[in-house]
Amino acid sequence: MNNEPLEREPMNNEPMPNGRCKLHGGKSTGPRTPEGLERSRRANWKHGHFSREAKAERSLLRAAILALRDLRDS
């Protein structure tokens, strides 16, 4: 067996529109457009427990419960 390294030719693939190689172009830099950012945000949506709307609803419910307790105790 020969222990010499193989000589490899450079890749002949055309780069992608962003100038990067399709195979070795590096990691994604993420979405840039508002539409892409929104799509990314929705793709990561799990349950909505900590969404702005859910927090506001829980806050109103807590305030109502405290008001009822005050009425009951007075």
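Only heavy atoms go into these numbers, but all of them, side chains included; no hydrogens, no water, no symmetry mates.
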- Minimum heavy-atom distance Ser40-Pro31, with the two atoms named: CB-CG, 3.8 Å

- Message: Does any part of the side chain of Ile65, heavy atoms only, come nearer than 4.5 Å to the side chain of Arg69, both counted from C-beta?
- Response: yes

- Got Arg58 and Lys55 here, is their nearest side-chain heavy-atom distance under 4.5 Å? yes

- Take Arg42 and Glu38, measure what salt bridge (Lys or Arg N to Asp or Glu O under 4.0 Å) needs, and give me the verdict at the end. CA-CA 6 Å; Arg42 287 187 196 202; Glu38 179 66 20; 3.0 Å; yes

